[in-house]
Amino acid sequence: MKITLDSEKCQGHGRCYALAPDLFDSDDEGYALLLAADGVVPEGMEEAATLAADNCPEYAITVEA
Amino acid sequence: MTDLKPAPAPDWATEFDHTSDAYAAVAPQVWEELRGTCPVAHSEAHGGVWLPTRHEDIAAIAHDTEHFSSEGVIVNVFKPEGLAPMGYAPPITSDPPFHADARRLLLPAFGPKAIASLEEGARASCQELIDELLADLGPDGDVVDVARAYAQHIPVRVIADMLGLPKEDGDRFRLFIHRIIEKPGEYSGTLAPEDTLLYYLTTHLTRRRNEPPQDDLIGFLLSTEVDGQPLTNEHIFGTIALLIIAGIDTTWSAIGASLWHLAQHPEDRRRLVDDPAVLPFAIEEFLRFYAPVTMARIAATDTEIGGCPVAKRDWVMLPFPAANRDPEAFEQADEFVIDRQRNRHVAFGLGIHRCLGSNLARLELTVAVDEWMKRVPDFELASDDPSTVRWSTGQVRGPRELPIRILRTEDAR
């Protein structure tokens with residue numbers, strides 16, 4: 001599964017790093033940082049990745065199976 | 001007037017007044033009706049105001065800072081003019097490019113890591129309030145107004161502490177908020193100067209400037225610099241006013257509405273007790289279904305909303321709670337689903353003005369519901385008569401009087 005974060009769209013709602021803390025962290029200002037730098041979701045984290053995408057109010061996260 | 005017969009329902013598409021009790025009592029039904037019949041409604045109230053109710057239109061306006069200015073965010077017949085780009089309460093009233101620096105200053109203090117450190121204090125505060133209200137019930141009492149005895153106190157204590165203002169001033173803060181948000185314009189020119197927020201803050205800031213610096217948000221704003229320059233007095237004053245006004249009755253409303261829901265839904269109370277892992281999802285669903293805040297903008301140019309022409313300087317409301325119930329954006333939009341997995345709700349707005357205090361509001365709501373359910377797992381509305389629950393008027397919606405009957409309590413641990 002591939003995952004992307006569009007940092008231009010991120011407004012720091014903080015849903016992704018709350019729901020998928022192994023995939024996302026926040027910077028000091030609350031904007032999201034994608035931890036899977038190569039854009040590949042590690043095995044077993046697909047559900048968390050989908051949850052993060054499905055709860056972003058800005059549609060800033062996309063996942064592709 | 002002693003006529004208690006209800007007035008005929010207004011034609012919501014043309015006669016809505018969001019500061020009226022009639023609108024406050026049934027606002028979600030108004031939004032639903034309008035979304036089907038007149039998705040961009042207009043009323044002559046408050047000098048004329050637009051009310052879009054579709055998620056798509058509300059999101060488009062929130063993201064469009066070119067055509068919609070934040071110079072005014074509380075719909076009021078006195079329309080701010082000539083204050084852009086800072087506005088009277090930066091950064092909420094600021095437009096680009098001023099907005100970015102004014103917001104960046106504050107983000108770290110309201111970021112997830114800084115806010116997480118407040119959890120212990122917030123929990124202790126909730127526990128203390130519950131202990132007090134249960135003790136005040138007396139041996140036979142079982143009815144308490146949770147909006148007044150519980151929900152309203154939680155955000156006051158936290159924000160007063162962050163700012164470095166005395167929490168005993170909570171009653172005054174709530175009075176300022178009532179005048180500014182619930183009944184905008186109504187008190188204009190009728191107040192003694194020393195009863196105003198302006199006087200309160202001016203006095204406080206003058207004193208703080210003469211005292212040694214303190215490690216709180218007011219101390220930070222007094223000492224910080226942007227591009228090597230200290231903040232102007234207007235900026236400091238406006239930001240502190242914003243933090244007092246925006247952080248209190250919003251969260252009070254969300255806590256109250258959540259308890260109002262739980263009082264009427266034993267199955268959701270049971271789920272929270274039996275399955276604590278559902279709490280974070282429940283909190284987001286409370287925020288979606290009972291989002292308290294409607295923002296506003298002033299059209300910066302002649303423009304349009306969903307094909308509807310809007311003139312430069314017109315007021316436009318952004319009812320985020322209406323967007324949250326749009327079936328085009330949410331599955332089962334009109335149902336409260338306690339473990340909803342896909343929830344892109346916009347309770348905290350969208351775009352560059354996303355609520356600065358969203359992490360704090362979430363923490364307070366989570367802790368308030370969690371601590372309440374641990375001590376009072378069963379409760380119901382004290383009366384079947386819906387008029388015993390009073391909803392606030394204006395752009396922040398939540399129960400201001402909420403009498404409930406306590407059915408069962410658990411001992412404090």
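Just so it is clear, the values below take in all heavy atoms, side chains as well, and ignore hydrogens, waters and symmetry mates. Chain letters run A, B, ... following the sequence lines, proteins first, then strands; residues in each count from 1.
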Self-check item: Atom CD of Glu66(B): over 12 foreign heavy atoms under 6.0 Å
Solution: no
Self-check item: Toward chain A, the part of Ile352(B) with a non-hydrogen atom under 4.5 Å
Solution: both
Self-check item: Exam field: side chain Arg344(B) to backbone Ala53(A), donor-acceptor pair closer than 3.5 Å
Solution: yes
Self-check item: Presence of salt bridge, Glu284(B) and Arg15(A), under 4.0 angstrom
Solution: yes
Exercise. May I ask you to check whether over 12 heavy atoms, not counting those of Asp28(A), lie within 6.0 Å of atom CG?
Key: no
Exercise. Enter the distance from Leu350(B):CG to Lys9(A):NZ here, rounded to the nearest 0.5 Å.
Key: 12.0 Å
Quiz item: Side chain of Glu58(A), backbone of Gly351(B): donor and acceptor closer than 3.5 Å?
Solution: yes
Quiz prompt | chain B contact via Tyr59(A) - side chain, backbone, both or neither, heavy atoms under 4.5 Å | solution = both
Quiz item: Where do His13(A) and Arg362(B) come nearest, in terms of heavy atoms and distance?
Solution: O-NH1, 3.3 Å
Practice problem: Step through the shown structure and confirm whether more than 12 heavy atoms of other residues, nucleotides or ligands are within 6.0 Å of CD on Glu47(A). | Solution: no
Practice problem: Would you sort out whether His353(B) and Gln11(A) count as a side chain to side chain donor-acceptor pair (under 3.5 Å), showing the intermediate values? | Solution: CA-CA 8 Å; His353(B) 289 282; Gln11(A) 296 292 350; over 6 Å; no
Quiz item: Is the CD atom of Glu331(B) crowded by more than 12 outside heavy atoms at less than 6.0 Å?
Solution: no
Quiz prompt | Nearest atoms (heavy-atom pairs only) where Val346(B) meets Pro57(A) | solution = CG1-CB, 4.5 Å
Quiz item: Is the backbone of Arg342(B) close enough, under 3.5 Å, to the side chain of Asn55(A) for a donor and an acceptor to pair up by distance?
Solution: no
Quiz item: Counting only heavy atoms not in Asp215(B), do more than 12 sit closer than 6.0 Å to its CG atom?
Solution: no
Quiz item: Counting only N and O atoms by type, is there a donor-acceptor contact under 3.5 Å from the side chain of Lys113(B) to the main-chain atoms of Ser26(A)?
Solution: yes
Practice problem: For Glu8(A), look at atom CD and say whether over 12 heavy atoms of other residues, nucleotides or ligands are found less than 6.0 Å away. | Solution: no
Self-check item: Salt bridge Asp54(A)-Arg340(B), side-chain N to carboxylate O under 4.0 Å
Solution: no
Quiz item: Side chain, backbone, both or neither: which part of Phe281(B) has an atom under 4.5 Å from a heavy atom of chain A?
Solution: side chain
Quiz item: Between Gly349(B), Ala59(B), Pro112(B), which has the largest tally of heavy atom pairs under 4.5 Å with chain A?
Solution: Pro112(B)
